[in-house]
A.B. asks: 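The structure's right below; bear with me while I get my questions together.
The shown structure was predicted, so the numbers you read here are calculated from the model rather than taken from an experiment.
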Amino acid sequence: MSDQSAASDDGSDTSIESADADTDTDTDETTTDDSPHETPLQPPPLLTGEHLPQFRATLANATHLLVCLDFDGTLAPIVDEPDAAAPTTANETAVAGLVDAAPVTTAIVSGRSLADVRARIDGPRIYAGNHGLELAWNETVAVHPVAHERAARLETVCELLETVLDPIPNVRIENKRLTGTVHVRTVPPAARPTVRRLTRTVVDRFGGDELEVSPGKRILEIGPTIDWGKGDAVDLITSTLPEGTVPLYIGDDVTDESAFRAIDADGISIRVGDDDPSTASYRVQSPAAVARVLDWLGTAGVELVGQRTQLLSGTELWSDDPRVGPIPERWPTPVANE
């Protein structure tokens, strides 16, 4: 994915295709899933205007909408230096609009620590940090007890990795208290296999059965060996909301796949990035395109929530319904997926 957002702050970019031309297709550090499937995963279809009827039907049959958003690569473009990551202006504006919408609950679900991600995007009532291991509802914070117990061991492993990986250029070790990240985005490609091998060796030797390594986009994640991830956090958040709540999740990385699976056919899942196989229902190719989806949700989309209207089949898009209006210009009419 590109380190620069393709959307201009003045809104001059008006098509998904133009916004998504500048993407990073090098995913040699990434796997597409972390669980077996009976049939091979396929790339999700590119989200275009032809999917609006199904989108509208799903929203119209909901009593409430839960919008869960990853941060890096979703609201914020991926950058070489993680500390420099920031949401695009368009995404900040779109998230603020959703936060103020009555039938919507907005949550940020990130691999970053809770304190880190809360400082980068303001407004949502719910935050899940460290891949869902720490949760915040307003001023109440909960931490997974097993992750809390293993924080000291994680700190030891991170300190050892600082020493072991020190000779390799541009490696960055980030201790997020409950999880750790080994950043290899700017590491020379020839050295990345060595980083992976040494990281796994250290975690296996000093983390034992309590810690594990999982891959991501140019990162290695280190966390407690427990059956808990972003999907579990989304399930937990959904369980606190009114019956009939429809969850929507947008994310860009391997760790978001558990959330896509948790939503399954009951909601809407969107993968951000290239056409790698995924369990998501749809895909868009950049944070700029995410902003347009969120902008549509915050305007036409929220007007549909709770409106259990019978949709017509075929290409009818409720063009005669004054509550909905025409397809937004920034969400183009159907185009062929290449």
A.B. asks: Taking a hydrophobic cluster as the set of Ile, Leu, Val, Met, Phe, Trp and Tyr residues connected by side-chain heavy atoms closer than 4.5 Å, whether directly or through intermediates, do Leu41 and Phe260 fall within one such cluster?
C.D. replies: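 In one cluster: no.
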A.B. asks: Backbone N or O of Ser281 within a donor-acceptor pair of the Ser269 side chain at under 3.5 Å?
C.D. replies: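 Flag set: sc Ser269 to bb Ser281 pair under 3.5 Å.
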A.B. asks: Should the pair Glu221-Lys176 be classified as a salt bridge under the 4.0 Å nitrogen-to-oxygen rule?
C.D. replies: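 Salt bridge: yes.
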A.B. asks: State, yes or no, whether a side-chain contact exists between Asp256 and Val272 at a heavy-atom distance under 4.5 Å.
C.D. replies: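 In short, these two side chains do not touch, never coming nearer than 4.5 Å.
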A.B. asks: Quick one: pull up CD in Glu174 and CD1 in Ile222 and give me the separation to the nearest 0.5 Å.
C.D. replies: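 Glu174 CD to Ile222 CD1: 11.0 Å, rounded to 0.5 Å.
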A.B. asks: Could you work out, with side chain to side chain donor-acceptor pair (under 3.5 Å) as the rule, every residue matching Asp116, not counting sequence neighbours?
C.D. replies: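 Testing Asp116 for side chain to side chain donor-acceptor pair (under 3.5 Å), a comparison that skips the adjacent residues, returns Arg112, Arg120.
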A.B. asks: Quick one: are Pro124 and Leu69 in side-chain contact, heavy atoms under 4.5 Å?
C.D. replies: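 With C-beta onward as the side chain, the pair stays apart.
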A.B. asks: Counting N and O atoms only, with roles assigned by atom type, does the side chain of Asp100 sit under 3.5 Å from a partner on the main chain of Gly97, one being a donor and the other an acceptor?
C.D. replies: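 The answer is no, because no donor-acceptor pair under 3.5 Å joins these two groups.
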A.B. asks: Ignoring hydrogens, what is the shortest heavy-atom contact between Ala136 and Val141? Give both atom names and the distance.
C.D. replies: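 Closest approach of Ala136 to Val141, heavy atoms only: CB-CG2, 4.1 Å.
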A.B. asks: For the CD1 atom of Ile237 and the CG atom of Asp232, what is their distance to the nearest 0.5 Å?
C.D. replies: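 One finds 11.0 Å between CD1 of Ile237 and CG of Asp232.
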A.B. asks: Salt bridge or not for Arg172 and Asp83, using N-O below 4.0 Å?
C.D. replies: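 Yes.
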A.B. asks: Heavy-atom distance under 4.5 Å between the side chains of Pro77 and Thr88, does that happen here?
C.D. replies: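 Of all side-chain heavy-atom pairs linking Thr88 with Pro77, at least one is under 4.5 Å.
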A.B. asks: Closest approach of Leu241 and Arg125, non-hydrogen atoms and distance?
C.D. replies: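 Between these two residues, the closest heavy atoms are CD2-NH2, 4.0 Å.
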A.B. asks: Which residue is it: Val246, Thr238, Thr105? I am looking for the one with a side chain to side chain contact (heavy atoms under 4.5 Å, CB included) to His64.
C.D. replies: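 Per the side chain to side chain contact (heavy atoms under 4.5 Å, CB included) rule, the option paired with His64 is Thr105, out of Val246, Thr238, Thr105.
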A.B. asks: How long is the span from the CG atom in Asp252 to the CD1 atom in Ile270, to the nearest 0.5 Å?
C.D. replies: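 It is 13.0 Å, given to the nearest 0.5 Å.
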A.B. asks: Taking atom CG of Leu248 and atom CD1 of Ile263, what is their separation to the nearest 0.5 Å?
C.D. replies: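 Reported to 0.5 Å precision, the distance equals 6.5 Å.
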A.B. asks: Side chain to side chain donor-acceptor pair (under 3.5 Å) with Ser110: which residues, sequence neighbours excluded?
C.D. replies: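 For Ser110, no residue satisfies side chain to side chain donor-acceptor pair (under 3.5 Å) once neighbours in sequence are set aside.
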A.B. asks: So Leu220 and Val184, do their side chains get closer than 4.5 Å, heavy atoms only?
C.D. replies: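 Contact flag for Val184/Leu220 side chains = no.
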A.B. asks: Give the intermediate values and the outcome of side chain to side chain contact (heavy atoms under 4.5 Å, CB included) for residues Asp70 and Tyr249.
C.D. replies: CA-CA 8 Å; Asp70 182 31; Tyr249 189 96; 4.2 Å; yes
A.B. asks: Check for a donor-acceptor pair, side chain of Thr181 on one end and backbone N or O of His183 on the other, with a separation under 3.5 Å.
C.D. replies: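 Such a contact is absent between Thr181 side chain and His183 backbone.
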A.B. asks: Cut-off 3.5 Å, no hydrogens considered: what does the side-chain donor-acceptor table look like for residues 197-215, sequence neighbours left out?
C.D. replies:
{"unit_1": "Thr199", "atom_1": "OG1", "unit_2": "Val195", "atom_2": "O", "d": "2.7"}
{"unit_1": "Thr201", "atom_1": "OG1", "unit_2": "Arg197", "atom_2": "O", "d": "2.9"}
{"unit_1": "Glu210", "atom_1": "OE1", "unit_2": "Arg153", "atom_2": "NE", "d": "2.8"}

A.B. asks: When you look at CG of Asn170, are more than 12 heavy atoms from neighbouring residues, nucleotides or ligands closer to it than 6.0 Å?
C.D. replies: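 It does: Asn170 CG has more than 12 such atoms within range.
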A.B. asks: Do side-chain atoms of Asp295 reach the backbone of Ala291 as a donor and acceptor pair under 3.5 angstrom?
C.D. replies: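 It does not hold such a pair.
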A.B. asks: Assess whether side chain to side chain contact (heavy atoms under 4.5 Å, CB included) is satisfied between Arg283 and Asp276, documenting all intermediate values.
C.D. replies: CA-CA 10 Å; Arg283 68 181 174 92; Asp276 281 343; over 6 Å; no
A.B. asks: Hey, quick one: are Val290 and Leu65 part of the same hydrophobic cluster, counting side-chain heavy atoms closer than 4.5 Å, chains of contacts allowed?
C.D. replies: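 As far as the 4.5 Å side-chain criterion goes, Leu65 and Val290 are connected within one cluster.
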A.B. asks: So which heavy atom on Gly111 is nearest to which on His131, and how close?
C.D. replies: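 Answer, listing the atom of Gly111 first, then His131: CA-CE1, 3.3 Å.
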A.B. asks: I need the minimum non-hydrogen distance between Ala233 and Ala128, along with the two atoms involved.
C.D. replies: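 That closest heavy-atom pairing would be CB-CB, 4.3 Å.
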A.B. asks: Does any non-hydrogen side-chain atom of Pro189 lie less than 4.5 Å from one of Arg192?
C.D. replies: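 Result yes, sub-4.5 Å side-chain heavy-atom pair found.
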A.B. asks: Quick one, Val143 with Arg177, criterion side chain to side chain contact (heavy atoms under 4.5 Å, CB included). Give me CA distance, side-chain angles, the key distance, then yes/no.
C.D. replies: CA-CA 11 Å; Val143 178; Arg177 194 170 68 91; 4.0 Å; yes
A.B. asks: Roughly how far apart are Leu304 CG and Arg56 CZ, rounded to 0.5 Å?
C.D. replies: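 That separation rounds to 6.5 Å.
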A.B. asks: Kindly indicate whether the side chain of Val104, heavy atoms from C-beta on, has any atom under 4.5 Å from the side chain of Leu297.
C.D. replies: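 Side-chain contact under 4.5 Å: no.
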A.B. asks: Is Val254 reachable from Val234 through a run of I, L, V, M, F, W or Y residues, each pair having side-chain heavy atoms under 4.5 Å apart?
C.D. replies: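 Looking at the clustering, Val254 is in a separate group from Val234.
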A.B. asks: So, for Asp235 and Ala262, which heavy atoms are closest and what is the spacing to 0.1 Å?
C.D. replies: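 That closest heavy-atom pairing would be OD1-CB, 3.7 Å.
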A.B. asks: Out of curiosity, Asp275 CG to Gln42 CD, how far, rounded to the nearest 0.5 Å?
C.D. replies: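 Answer rounded to 0.5 Å: 10.5 Å.
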A.B. asks: Determine yes or no for a side-chain-to-main-chain donor-acceptor pair under 3.5 angstrom, with Arg185 supplying the side chain and Asp80 the backbone.
C.D. replies: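 Not a single qualifying donor-acceptor pair exists.
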A.B. asks: Quick check: does any side chain N or O of Thr74 sit under 3.5 Å from a backbone N or O of Phe71, one acting as donor and the other as acceptor?
C.D. replies: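 No: the side chain of Thr74 does not pair with the backbone of Phe71.
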A.B. asks: Among Glu257, Arg261, Arg271, find the one that has a side chain to side chain donor-acceptor pair (under 3.5 Å) with Thr279.
C.D. replies: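 Going through Glu257, Arg261, Arg271 one by one, the side chain to side chain donor-acceptor pair (under 3.5 Å) with Thr279 is satisfied by Glu257 alone.
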A.B. asks: In terms of hydrophobic clusters joined by side-chain contacts under 4.5 Å, are Tyr127 and Leu294 together?
C.D. replies: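 Linked within one cluster.
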A.B. asks: Do Gln54 and Thr58 have side-chain N/O donor and acceptor atoms under 3.5 Å apart?
C.D. replies: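 Looking only at side-chain atoms, Thr58 and Gln54 do form a donor-acceptor pair, the distance falling under 3.5 Å.
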A.B. asks: Any donor-acceptor pair under 3.5 Å linking the side-chain atoms of Thr179 with those of Asn130?
C.D. replies: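 A donor-acceptor contact under 3.5 Å links the two side chains.
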A.B. asks: Does Glu155 reach the side chain of Asn175, with side-chain heavy atoms less than 4.5 Å apart?
C.D. replies: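 They are in contact (side-chain heavy atoms under 4.5 Å apart), so the answer is yes.
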A.B. asks: Describe, in one word, how the ring planes of His51 and Tyr282 are oriented to each other, choosing from parallel (under 30°), tilted (30 to 60°) and perpendicular (over 60°).
C.D. replies: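 Answer is tilted, since the angle falls between 30° and 60°.
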A.B. asks: Check whether any side-chain N or O of Asp253 sits under 3.5 Å from a backbone N or O of Lys217 as a donor-acceptor pair, and report yes or no.
C.D. replies: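 Side chain of Asp253 to backbone of Lys217, a donor-acceptor pair under 3.5 Å: yes, one is there.
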A.B. asks: Looking at Val284 and Ala289, what are the two nearest heavy atoms and their distance?
C.D. replies: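 Scanning both residues, the minimum pair turns out to be CB-CB, 3.7 Å.
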A.B. asks: Do Asp72 side-chain atoms and Ala85 backbone N/O form a donor-acceptor pair below 3.5 Å?
C.D. replies: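 Here the side-chain-to-backbone pair does not exist.
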A.B. asks: Flag yes if Leu178 and Trp228 sit in one hydrophobic cluster, no otherwise; membership is Ile, Leu, Val, Met, Phe, Trp, Tyr, and two members link when side-chain heavy atoms are under 4.5 Å apart.
C.D. replies: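 Yes.
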A.B. asks: Any heavy-atom pair between the side chains of Ile108 and Leu75 that's under 4.5 Å?
C.D. replies: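 Touching, per the 4.5 Å side-chain cut-off.
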